[in-house]
2 protein chains.
Amino acid sequence: MAEIKIPKATAKRLPIYYRYLNILHDAEKNRVSSTELSEAVKVDSATIRRDFSYFGALGKRGYGYDVDTLLKFFKKILNQDKLTNVALIGVGNLGNALLNFNFHQNSNVRISAAFDIRPDLANTVQSGVPIYPMSELRKQLEDQQIKIVILTVPESVAQNVTDDAVAGGVVGILNFTPLRVSVPTNVRVQNVDLTNELQTLIYFLDHYNDNEEN
Amino acid sequence: MAEIKIPKATAKRLPIYYRYLNILHDAEKNRVSSTELSEAVKVDSATIRRDFSYFGALGKRGYGYDVDTLLKFFKKILNQDKLTNVALIGVGNLGNALLNFNFHQNSNVRISAAFDIRPDLANTVQSGVPIYPMSELRKQLEDQQIKIVILTVPESVAQNVTDDAVAGGVVGILNFTPLRVSVPTNVRVQNVDLTNELQTLIYFLDHYNDNEEN
DNA sequence: CTCGTTTTGTGAAATAATTTTCAATAAAAA
DNA sequence: TTTTTATTGAAAATTATTTCACAAAACGAG
Ligand SMILES: NC(=O)c1ccc[n+]([C@@H]2O[C@H](COP(=O)([O-])OP(=O)(O)OC[C@H]3O[C@@H](n4cnc5c(N)ncnc54)[C@H](O)[C@@H]3O)[C@@H](O)[C@H]2O)c1
Ligand SMILES: NC(=O)c1ccc[n+]([C@@H]2O[C@H](COP(=O)([O-])OP(=O)(O)OC[C@H]3O[C@@H](n4cnc5c(N)ncnc54)[C@H](O)[C@@H]3O)[C@@H](O)[C@H]2O)c1
């Protein structure tokens, strides 16, 4: 499936570029230089050109990049033209915030099902998303062909819930729990560890006096 | 301040190690090998040994690492022995979830003040944290000597709010908005871009069939 | 106290990511 | 048309990070 093999660091920046290109498009700008982009997304301009060049020559020398061309290209690359349904497991504190937010705006992602163990939540609808009991996890994931889940359950049950989700065919997990869950090699886990982010920030502030983004 | 200059990649892993060491401690385990740690935190054992070695010889050959020694050491390194107060700006959807969570458990971080522009929130207390009106932002940050803020306001006002916070003496920002805010070089921004994380996950699933953590 | 075993710590090699540099070229100005 | 300016694309240099692989140290069994 990977026609083009690009560095991970580049892949992580693509959505950032994509988002800013949309802003430019909305502002009816039709060209942009790597320098200009650089200031907006806070990535070195050389890095941007390098990143773009993995996909071939997208720009014109002495001119810059055509916003619409880039946009169309990234839309395809990032699968922005098809909607991806994801499920959320654990409708608590954080789960609710995410449900409510639901990535709506110009995003291609939508939480289309949620799950929780609390009986009073089962079979209700929160922010337009149906909440199912955990007993239906596997069935619903399979029926709805959901391949990605957002994990916002307590750490103590994270591994069990993960195992269930994987059994239901999930291949991508956005993990908000501090636990580094174990998964088969074909499953990808993206950890979002908020406590960790804060502690890292504090560490950097205490130990470095200079600064660079990230 | 930076007695030891360690790689950024290492610094980002320290809180992860620290957390697992606490778990070991609670389970009354008093030794751990890099291999064992490796499985738990999903970091290559050679990387772990290398990471630890930046701080000197913390382990014993043929034995492993003493959990309590490591724990004490990391506690100091990570400033876990003193409480860090942070402020949260934007008590909405996500802000509320974070307030409510408030990093309580064995963390050294606490949200001690929150700010929002909504008049009905001003001067109330949410989850034990006082909420101030934005007009008091600078004064409170200065009075309470808060150097770090969590930014959960709408993207459209993120830059303005950031400028205010920086004017109030803030040097670290945990930024949940999709905007890459501009700050003076002495201020560090840690971006947590949830939409981005999801899109990156989707990208990886679409374009790579193999898997590695992160 | 000796010996086999475990496991660290670390040079060196490999890999990954960023930054620098600059020739090539397009667009704009003269 | 010619010159100037802007800007890419790509190679090279640099910097950062991970991994390998093994000697040396320390453990623990006997
Ligand atoms: N809230 C935050 O700001 C925050 C910040 C950092 C990390 N986290 C992490 O995110 C996770 C969720 O945090 P939270 O504050 O939303 O917790 P929470 O307790 O508010 O929510 C957890 C939800 O999961 C549900 N649940 C429990 N067991 C379950 C199971 N076996 N199957 C399905 N659902 C189950 C609970 O009913 C609850 O609704 C935790 O792991 C936490 O460490 C949260
Ligand atoms: N909620 C999520 O799950 C989620 C996910 C990804 C990203 N985000 C980002 O996090 C940010 C907050 O999201 P949210 O869903 O909590 O939004 P929200 O609208 O629920 O909350 C924003 C809060 O900020 C306050 N606010 C507005 N202008 C302000 C100002 N000038 N000064 C101080 N406070 C102000 C509002 O009164 C509100 O309480 C947004 O930038 C959003 O893109 C949120």
Candidate nucleotides [options], ranked by approach to the side chain of [X] - the nearest:
X        : options                   : answer
Ser33(A) : dT18(D), dT18(C), dT8(D)  : dT8(D)
Ala57(A) : dT18(D), dG9(D), dT8(C)   : dG9(D)
Arg50(A) : dA17(C), dT19(C), dT10(C) : dT19(C)
Ser53(B) : dT19(D), dG9(C), dT19(C)  : dG9(C)

Does the plane of the ring in His207(A) sit parallel, tilted or perpendicular to the ring in Tyr203(A)? Use 30° and 60° as the thresholds.
parallel

Check the pair Tyr54(A), Phe52(A) against ring-ring contact (aromatic ring centres under 6.0 Å, His included), reporting the backbone distance first and the verdict last.
CA-CA 5 Å; Tyr54(A) 288 114; Phe52(A) 286 6; over 10 Å; no

Should [X] and [Y] count as an ion pair when the cut-off is N to O under 4.0 Å?
X         : Y         : value
Asp44(A)  : Arg50(A)  : no
Glu36(A)  : Lys29(A)  : yes
Asp193(A) : Arg180(A) : yes
Arg13(B)  : Asp51(B)  : yes

How close or far is atom [atom2] of [N] from atom [atom1] of [X], stated in whole angstroms?
X        : N       : atom1 : atom2 : result
Phe55(A) : dT8(D)  : CZ    : P     : 17 Å
Asp66(B) : dT7(C)  : CG    : P     : 15 Å
Arg13(A) : dA17(C) : CZ    : P     : 9 Å
Ile6(A)  : dT18(C) : CD1   : P     : 12 Å
Asp44(A) : dA16(D) : CG    : P     : 14 Å
Arg49(B) : dT19(D) : CZ    : P     : 12 Å
Leu37(A) : dT7(D)  : CG    : C1'   : 13 Å
Leu58(B) : dT10(C) : CG    : P     : 10 Å

Compute whether any side-chain donor of one residue and acceptor of the other, for Lys147(B) and Thr84(B), lie under 3.5 angstrom apart.
no

Close N/O contacts between protein and nucleotides 25-28 of chain C (under 3.5 Å):
from    : atom 1 : to       : atom 2 : distance (Å)
dA26(C) : O4'    : Arg61(A) : O      : 2.7

Earlier contact from the 5' end, DNA chain C, for Ala46(A) and Gly59(B)
Gly59(B)

So does Thr47(A) get a side-chain nitrogen or oxygen closer than 4.0 Å to the phosphate oxygens (OP1/OP2) of dT19(C)?
yes

Base, sugar-phosphate, or nothing: which does [X] touch, judged by heavy atoms less than 4.0 Å apart?
X        : value
Tyr65(A) : sugar-phosphate
Thr10(B) : nothing
Ser34(B) : sugar-phosphate

